[in-house]
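Here's the structure we're looking at; comments come further down.
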Amino acid sequence: MFKMNQLVVGLFLFLSSLFSCQQKGDFKTVNVEDFDSIIQDEEVQRLDVRTLAEYSEGHIAKTININVMDDSFASMADSLLQKSKPVALYCRSGKRSKKAAAILSEKGFKVVELGKGFNAWQAAGKEIEY
């Protein structure tokens, strides 16, 4: 019985760590207004981590698109982005951008991500391009 309880507790801890909402990586999550301020700096690299289809339906000006769900995301980011300049990134709702931010920050990039994503950007009436 004791071993069974240990097993259940261990399994619970393992599963909760898989599904935890804790932020991984060293990056900052900001709201729309702060993100807009940050990207006004020409030194900041703008990155959209959504799919190409999502990107083509509208995006923030001067962004490059690298799909975080693509297996080659990390290597593409290494070849297209400069570690010496900060990266401001976003996805649709803020979930994929956290994954991308964690990957890039672990590779040594200084990263800021738009917390509620492109949806929040649009809802705030911010400018988009097609």
Open item on the list: Side chains of Ser37 and Gln40 only: does a donor on one sit below 3.5 Å from an acceptor on the other?
Closed with: no
I need the minimum non-hydrogen distance between [X] and [Y], along with the two atoms involved.
{"X": "Phe73", "Y": "Ala100", "value": "CZ-CB, 3.7 Å"}
{"X": "Phe35", "Y": "Ala88", "value": "CE1-CB, 3.6 Å"}
{"X": "Asn31", "Y": "Asp34", "value": "OD1-N, 2.8 Å"}
{"X": "Ser97", "Y": "Cys91", "value": "N-SG, 3.3 Å"}

TODO: Look at the side chain of Arg46 and the backbone N and O of Ala61, then say whether any donor-acceptor pair between them is shorter than 3.5 Å.
DONE: yes
Task: Heavy-atom donor-acceptor pair, Gln45 side chain to Lys85 backbone, under 3.5 Å - done: yes
- [ ] Determine, stepwise, if the pair Met69 / Thr51 fulfils side chain to side chain contact (heavy atoms under 4.5 Å, CB included).
- [x] CA-CA 8 Å; Met69 303 312 284; Thr51 66; over 6 Å; no
What distance separates [X] [atom1] from [Y] [atom2], expressed to the nearest 0.5 Å?
{"X": "Thr29", "Y": "Lys98", "atom1": "OG1", "atom2": "NZ", "answer": "4.5 Å"}
{"X": "Ile128", "Y": "Trp121", "atom1": "CD1", "atom2": "CH2", "answer": "10.5 Å"}
{"X": "Arg50", "Y": "Phe118", "atom1": "CZ", "atom2": "CZ", "answer": "5.0 Å"}
{"X": "Leu80", "Y": "Ser75", "atom1": "CG", "atom2": "OG", "answer": "9.0 Å"}

Open item on the list: Whether Lys126 and Glu33 form a salt bridge (side-chain N of Lys/Arg under 4.0 Å from carboxylate O of Asp/Glu) is what I want to check.
Closed with: yes
Open item on the list: Between Glu113 and Arg96 (salt bridge meaning N to carboxylate O under 4.0 Å), is one present in this structure?
Closed with: no
Open item on the list: Set out, in order, the CA-CA distance, both residues' side-chain angles and the distance that settles side chain to side chain contact (heavy atoms under 4.5 Å, CB included) for Asp48 and Leu89, then state yes or no.
Closed with: CA-CA 6 Å; Asp48 183 318; Leu89 59 84; over 6 Å; no
Open item on the list: Can you confirm whether Asp41 is buried at CG, in the sense that more than 12 heavy atoms of other residues, nucleotides or ligands lie under 6.0 Å from that atom?
Closed with: yes
Are [X] and [Y] connected, step by step, through hydrophobic side chains (Ile, Leu, Val, Met, Phe, Trp, Tyr) whose heavy atoms are closer than 4.5 Å?
{"X": "Leu114", "Y": "Val68", "answer": "no"}
{"X": "Ile38", "Y": "Val111", "answer": "no"}
{"X": "Ile64", "Y": "Val87", "answer": "yes"}
{"X": "Tyr90", "Y": "Val44", "answer": "yes"}
{"X": "Tyr130", "Y": "Ile60", "answer": "yes"}

Task: Chi angles and distances behind the side chain to side chain contact (heavy atoms under 4.5 Å, CB included) call for Leu52, Asn67 - done: CA-CA 7 Å; Leu52 182 57; Asn67 181 357; over 6 Å; no
- [ ] Taking the side chain as every heavy atom from C-beta outward, state whether Lys110 and Lys83 have any atom pair closer than 4.5 Å.
- [x] no
Task: Lys116 vs Val32 side-chain heavy atoms within contact, under 4.5 Å - done: no
TODO: Take Lys62 and Glu42 through the salt bridge (charged side-chain N to carboxylate O under 4.0 Å, His left out) test and state the conclusion after the steps.
DONE: CA-CA 10 Å; Lys62 301 178 186 173; Glu42 292 292 322; 3.6 Å; yes
Task: Chi angles and distances behind the side chain to side chain contact (heavy atoms under 4.5 Å, CB included) call for Ile103, Phe109 - done: CA-CA 9 Å; Ile103 291 167; Phe109 289 91; over 6 Å; no
Open item on the list: Among Val49, Leu104, Leu47, which residue satisfies the side-chain contact (heavy atoms from CB on, under 4.5 Å) criterion with Ile66?
Closed with: Leu47
